[in-house]
Amino acid sequence: MARRGNLFVVSGPAGAGKSEIVKTVLRKHPDVHLSVSCTTRAPRPGEVDGVSYHFVDDARFDELVAANAFYEWAHVHQNRYGTLKSAVQQGLDDGHDLILEIDVQGCLQVLEQNPDATGVFVCPPSRENLEKRLRNRGTETEESIRVRLNNVAGEVATAYRYDYVIIHQDWADVPNALEIAADELYAIITARRLERKNRLDFLDALTESLKK
């Protein structure tokens, strides 16, 4: 019987570095796959439709909501994001371990609906570091930075509801902070694979063979 994949929902404040952590894991470990979300926000430089996100307009997003096609969806910073049920379930049925990188609102919806999903919260080491990261991205307006920073306290408060917390250290203090965080995320994935419930077929076969 083929192993069903595990779903890992990675979230945290904007600027905490979750996207770079996920990208590093995917680059180093082709056995892990990304669940691509839909969004109504415009593509950023370098983003590719169908790879970074499924970019749709508001009308198409409304159609998907009406069709109950989303696993979860939410308003985040004046845009909408959603996860297609069909894409997630197909990936898991195919035996793929999926990373779903979404905002805190959406993550909590997934964790409530799917008790088998593993929640991973990515934290910055400090408020000052988070503001520095947001400014260094060069993609945010001053107003956007202010809004995001005001949202951080509420987002961090939800970390208590996750299964794991990764602290993405300041690169100035820890030059290999990204690699450390990515290795920690893959360690979580590996630990889930080694759980007893995912080894039952092997244990049953081994037990039976030892009776001979």
Side-chain angles (χ1 to χ4, degrees), residues 1-16 18-23 25-27 29-122 139-140 144 147-148 151 154-155 158-159 161-164 185 188-189 192-193 197-198:
M1 181 178 178
R3 179 183 75 89
R4 179 173 169 80
N6 297 306
L7 179 61
F8 300 87
V9 192
V10 179
S11 191
K18 56 187 179 294
S19 294
E20 291 305 314
I21 293 171
V22 169
K23 288 177 184 177
V25 169
L26 296 174
R27 175 175 53 80
H29 304 286
D31 54 319
V32 181
H33 297 250
L34 180 68
S35 176
V36 181
S37 300
C38 282
T39 182
T40 57
R41 91 162 158 74
R44 291 174 181 156
E47 290 184 330
V48 178
D49 185 37
V51 177
S52 306
Y53 287 96
H54 297 292
F55 295 101
V56 298
D57 60 20
D58 284 306
R60 177 56 180 157
F61 200 96
D62 288 339
E63 292 175 358
L64 292 169
V65 170
N68 197 29
F70 288 126
Y71 199 42
E72 56 77 33
W73 70 274
H75 289 271
V76 184
H77 308 306
Q78 292 81 51
N79 293 297
R80 289 185 290 175
Y81 295 79
T83 304
L84 290 169
K85 295 178 181 178
S86 57
V88 170
Q89 294 306 317
Q90 185 61 58
L92 297 177
D93 289 344
D94 289 342
H96 298 313
D97 287 325
L98 295 180
I99 293 178
L100 177 57
E101 183 207 331
I102 53 177
D103 66 277
V104 170
Q105 297 176 53
C107 181
L108 293 178
Q109 291 180 44
V110 173
L111 295 179
E112 289 172 358
Q113 296 179 54
N114 187 348
D116 290 329
T118 300
V120 182
F121 192 90
V122 177
T139 59
E140 312 293 338
S144 176
V147 170
R148 290 177 185 273
N151 289 338
E155 291 174 330
T158 68
R161 300 170 63 182
Y162 288 67
D163 301 292
Y164 297 91
L185 177 54
I188 293 168
I189 294 171
R192 283 300 312 270
R193 292 173 176 173
K197 66 180 181 180
N198 291 322

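Only a predicted model underlies this, so the values are computations on that prediction, with no experimental measurement involved.
Taking both residues in full, the closest heavy atoms of Leu108 and Arg161 are given as CD1-NH1, 3.6 Å, listed atom of the first, atom of the second, then distance. Across all non-hydrogen atoms, the minimal contact from Tyr71 to Gln113 is O-NE2, 3.1 Å. When all heavy atoms are compared, the tightest approach of Asp97 to Asn6 is OD1-N, 2.8 Å. Between Ser11 and Ile102, the shortest heavy-atom distance links the atoms OG-O, 2.8 Å. Closest of all the heavy-atom pairs between Asp163 and Gly119 is OD2-N, 2.8 Å. Closest approach of Cys107 to Tyr162, counting heavy atoms only: SG-CE2, 3.2 Å.
For the atom pair CG (Asn79) and OH (Tyr53), the distance works out to 10.0 Å, reported to the nearest 0.5 Å. The CD atom of Gln78 lies 7.5 Å from the OG atom of Ser144; values are rounded to the nearest 0.5 Å.
Electrostatic pairing of Asp31 and Arg193 counts as a salt bridge here, judged by a charged N lying under 4.0 Å from a carboxylate O. Ion pair Glu72/Lys85 not flagged as a salt bridge, since none of the NZ, NE, NH1 or NH2 atoms sits closer than 4.0 Å to an Asp/Glu carboxylate oxygen.
For an aromatic pair to be called close, the ring centres must be under 6.0 Å apart, and Phe70 with Tyr81 fails this.
Residues Arg192 and Thr118 have side chains that bring a donor and an acceptor to within less than 3.5 angstrom of each other.
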**OP:** Could you give me the CA-CA distance, side-chain angles and deciding distance for Asn114 and Leu7, then say whether side chain to side chain contact (heavy atoms under 4.5 Å, CB included) is met?
**Re:** CA-CA 9 Å; Asn114 187 348; Leu7 179 61; 4.0 Å; yes
**OP:** Under the side chain to side chain contact (heavy atoms under 4.5 Å, CB included) rule, what do Phe8 and Leu98 come out as? Steps first, then yes or no, please.
**Re:** CA-CA 6 Å; Phe8 300 87; Leu98 295 180; over 6 Å; no
Subject >> Worked check of side chain to side chain contact (heavy atoms under 4.5 Å, CB included) between Asp62 and Arg80 >> reply: CA-CA 10 Å; Asp62 288 339; Arg80 289 185 290 175; 2.8 Å; yes
Original post:
Which is it for Val36 and Val51 under the side chain to side chain contact (heavy atoms under 4.5 Å, CB included) test, yes or no, and what are the steps along the way?
Top reply: CA-CA 7 Å; Val36 181; Val51 177; 6.0 Å; no
Original post:
Can you list the steps and then say if Gln90 with Asp94 is a side chain to side chain donor-acceptor pair (under 3.5 Å)?
Top reply: CA-CA 6 Å; Gln90 185 61 58; Asp94 289 342; 3.0 Å; yes
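Taking 4.5 Å as the limit, every side-chain heavy atom of Phe61 sits out of range of all side-chain heavy atoms of Thr39. Looking at heavy atoms from C-beta onward, Ile99 lies in side-chain contact with Leu185 at the 4.5 angstrom threshold. Residues Ile21 and Val10 have side chains not in contact (no heavy-atom distance under 4.5 Å, counting atoms from C-beta outward). No side-chain heavy atom of Lys18 sits under 4.5 Å from any side-chain heavy atom of Lys23.
Remark: of the listed residues Val9, Leu100, Leu92, Leu100 is the sole one forming a side-chain contact (heavy atoms from CB on, under 4.5 Å) with Ser35.
Listed by first then second residue, pairs satisfying side chain to side chain donor-acceptor pair (under 3.5 Å) with a partner in residues 99-111 read Ser19-Glu101, not counting sequence neighbours.
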